[in-house]
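See below for the structure under consideration.
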Amino acid sequence: MSEPTATEALSNFIADRITDDRSQGKHGGRVVTRFPPEPNGYLHIGHAKSICLNFGLARDFGGRCNLRFDDTNPSTEDIEYVDAIQEDIRWLGFNWDELHFASDYFEQLYEWAQKLIRSGHAYVDESSAEEIAAYRGDFRTPGRPTPYRDRPAAESLALFEKMRAGEIDEGKAVLRAKIDTNHPNMNLRDPVIYRIKKAHHHRTGDKWCIYPMYDYAHPLSDAVEAITHSICTLEFEDHRPFYDWCINTVDTPAKPNQIEFARLNLNYTVMSKRKLLQLVNEKLVDGWHDPRMLTIRGLRRRGYTPASIRAFAHQIGVNRTNSWIDMGVLENAVREDLNASAPRAMAVLRPLKVTLTNLPEERACSLSNHPQKPELGHREVRLTRQIFIDREDFEEVPPKGFFRLVPGGWVRLRGAGFIKCDSVEKDASGNVTGVSCTWHAPIEGNEGPGGGKVKGTIHWVPGDSPAATVRLYDRLFSVEHPDGDDWKAHLNPNSREILVDARVEPSLAHAKSGDTFQFERTGYFCADSIDSTPGKPIWNRVVTLKDSWAKR
RNA sequence: UGGGGCGUGGUGUAAUCGGUAACACAACGGACUUUGACUCCGUCAUAGAAGGUUCGAGUCCUUCCGCCCCAACCA
């Protein structure tokens, strides 16, 4: 297995900063990161970037990395996701040091909120959501205090207790941090830190009916775990002052620091949970694990390897610039990994019958399982009197530069000698239904049967090869940036083509779910983990091979 | 409009007291090849713009320009 980049130490501005912090003795020299997903959806390639960053940094600096579920909003979260997320992280090849849930800290968070109230840093506001928004103002309108801002701490304390006790209806009161109602940074205009939600929580059940907001729960959860470097995406940048406010005002023993980086943008796909959910709900794809989805599960089923995703994350780097990564970079990462590891086999996607008129008898041909890895051995493929080749490897009137099978020309048969097309059979409407060829045994050296070099080599399978279902996957969208209201109109109608009469080498019948092969000259294919049946794998195309001929 | 960020080739990432613009992907050209794959070789940027400081600036200063984020009781 070649995995040169995935184990290489991370080199980016965050790693630099950690190095700095350590040299200054910050955080006692410790490095503790965390990956904090909200369990309200499945992980996707964008999360993979964050996972590789957080776990990678901990690895590189001999620190630790926790998995913490940010489960502060019971109305959107579900246990289904917490299980799936853990499975996906492990599959990617990472292990967390500690597993936590923000909900484990609810009691502590509540006490800290009381402390804030007592010290005059928080108050219960009984304004409605609309009123709060109105009083908050906007970029051009100054914010103002609501009538409840200066109520006595004791009153807020009592009301906060009533909120917890379920004696106040949803929407009738919230706890707000008391900072500055007219701060230029909107996030500091007395942000809400607790709201009433009479919802069942997947872990705490009905114990709570008030839930902390992310902006309050996150920094304090980090502090509880003594996280040193709390890495998040750029949109939280102007929340950082409040992050620091929480840490400093509550005055937690640990003082974690938030560092932001740019989230991953990939073209020809969508990344937001909202849109992915919509694709699933509207059945535009076959669920979260559809091989076309860039969810971790989708990628896994498609045939992407963990190493290839790690290599991709490493290659794209980390910085604070909003940028778009070309889908080709991801595709190239699997190609590179699979080229090194996947055994070779032959499969004919669109079969064309070829009769070898002069073949005396069946012939056993020995083919290498990997050109660069002799240790993977050889396999036997029978050359039969009738074989299949791919339709696109034959042209009756070849374009210039075509060096596959043509009438009267020799072409090499992978591992099985040469053939020359003598005649073409057609149906009534003129479609080619088969060709007849003269076969010639393999020849040592560079010369072909007719003298001179034979440039082309094509793949083939025996005439009695079983039919197999092969699914050719392509990018989900046909435009680089599917956005706007009509983003779904840009779904690629050809993102999946199902071939039910492909012919694969008989040996492939024994492939297990998840096994991946390179079908020579066509691409990498993975035996589907859900739809395959014993002895009859269904093949998913992971990615094509590069094809400098097709480009012309 | 107030606040916060960002701007190096087609794409992404580097160059950490200012000193010959590096690496990868893509593209193009070539070599090799029983996968038109792989591999190998070569070509491909003067830095958002304009000024300034300096012997010398992507790196410092000034002024513009462009793009992104923030006005949920979401995260």
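Since we're looking at a predicted model, the values are computed, not measured. Residue numbering restarts at 1 for every chain, and letters A, B, ... go by the order of the sequence lines.
- Between A:Phe236 and A:His239, the ring planes are perpendicular. Angles over 60° get that label, and only those under 30° would be called parallel.
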Could you check A:Tyr194 against A:Tyr216 for ring pair (Phe, Tyr, Trp, His ring centres under 6.0 Å), going step by step and ending with a plain yes or no? CA-CA 8 Å; A:Tyr194 265 93; A:Tyr216 171 76; 5.6 Å; yes

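- When distances run from any side-chain atom of A:Glu237 to the nucleotides B:rG5, B:rA72, B:rG36, the shortest one goes to B:rG5.
- The aromatic rings of A:Trp324 and A:His481 lie perpendicular to each other, with more than 60° between the two planes, well past the 30° mark.
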I'd like a list of close polar pairs between nucleotides 31-35 of chain B and the protein, N/O only, cut-off under 3.5 Å.
unit_1, atom_1, unit_2, atom_2, d
B:rU34, O4', A:Arg412, NE, 3.2
B:rU34, O3', A:Arg414, NH1, 3.1
B:rU34, O2', A:Arg414, NH1, 2.1
B:rU34, O2, A:Gly415, N, 2.9
B:rU35, N1, A:Glu520, OE1, 3.3
B:rU35, O2, A:Gln518, OE1, 2.9
B:rU35, O2, A:Arg521, N, 3.0
B:rU35, N3, A:Gln518, OE1, 2.5
B:rU35, O4, A:Arg344, NH1, 2.4

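- For the pair A:Arg320 and B:rG12, the criterion of a side-chain N or O lying under 4.0 Å from OP1 or OP2 is not met.
- For the pair A:Arg195 and B:rA75, the criterion of a side-chain N or O lying under 4.0 Å from OP1 or OP2 is met.
- Closest-nucleotide positions on RNA chain B for A:Gly317 and A:Tyr194 were compared, and the one nearer the 5' end corresponds to A:Gly317.
- A sub-4.0 Å separation between OP1 or OP2 of B:rC74 and a side-chain N or O of A:Lys197 is present.
- In terms of the ring pair (Phe, Tyr, Trp, His ring centres under 6.0 Å) criterion, residue partners of A:Tyr110 (sequence neighbours excluded) are, by chain and number, A:Phe160, A:Trp208.
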Close N or O pairs between protein and nucleotides 67-70 of chain B (under 3.5 Å):
unit_1, atom_1, unit_2, atom_2, d
B:rC68, O2', A:Asn322, ND2, 3.2

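- Between A:Leu276 atom CG and B:rA75 atom P there is a gap of 19 Å when expressed in whole angstrom units.
- A:Asp547 has its CG atom 9 Å from the C1' atom of B:rA37, to the nearest Å.
- Distance CG (A:Asn319) to P (B:rU13): 4 Å, rounded to an integer number of Å.
- At a non-hydrogen distance threshold of 4.0 Å, A:Asp70, A:Thr72, A:Asn73 from residues 68-81 of chain A come into contact with RNA chain B.
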Please, what dot-bracket string fits RNA chain B when only Watson-Crick and G-U pairs with both distances under 3.5 Å count, crossing ones use [ ] and pairs to another strand use |? .((((((..((((.....[..)))).(((((.......)))))....(((((..]....))))))))))).....

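- For A:Lys546, taking side-chain heavy atoms from C-beta onward, the closest of the listed nucleotides B:rA37, B:rC73, B:rU13 is B:rA37.
- Rounded to the nearest Å, the gap between the P atom of B:rC60 and that of B:rG3 is 23 Å.
- Under the stacking criterion of a centre-to-centre distance below 5.5 angstrom and an interplanar angle below 30°, A:Trp549 sits stacked against the six-membered ring of B:rG36.
- Distance, A:Asn332 CG to B:rA27 C1': 13 Å, rounded to whole Å.
- In this structure, the CZ atom of A:Arg136 is 19 Å from the P atom of B:rG3, given to the nearest Å.
- Taking only side-chain atoms of A:Asn12, from C-beta outward, the nucleotide of B:rA14, B:rG5, B:rA26 with the closest atom is B:rA14.
- When distances run from any side-chain atom of A:Ile325 to the nucleotides B:rG36, B:rG12, B:rC6, the shortest one goes to B:rG12.
- Note: CD1 (A:Ile193) to P (B:rA75) measures 13 Å, nearest angstrom.
- Residues A:Tyr524 and A:Gly171 both approach RNA chain B. Their nearest nucleotides, taken by heavy-atom distance, put A:Tyr524 toward the 5′ side.
- Under 3.5 Å, the side chain of A:Arg240 and the base of B:rG4 form no donor-acceptor pair of N or O atoms.
- Legend: residues meeting ring pair (Phe, Tyr, Trp, His ring centres under 6.0 Å) with A:Trp539, ordered by chain and number and at least two apart, are A:Phe517, A:Phe519.
- Between the P atom of B:rG12 and the CG atom of A:Leu330 lies a distance of 15 Å, rounded to the nearest Å.
- Only one option out of A:Ile79, A:Ile85, A:Asp78 pairs with A:Val82 in a side-chain contact (heavy atoms from CB on, under 4.5 Å); it is A:Ile79.
- One can place CG of A:Asp16 at 12 Å from C1' of B:rA15, the figure rounded to the nearest angstrom.
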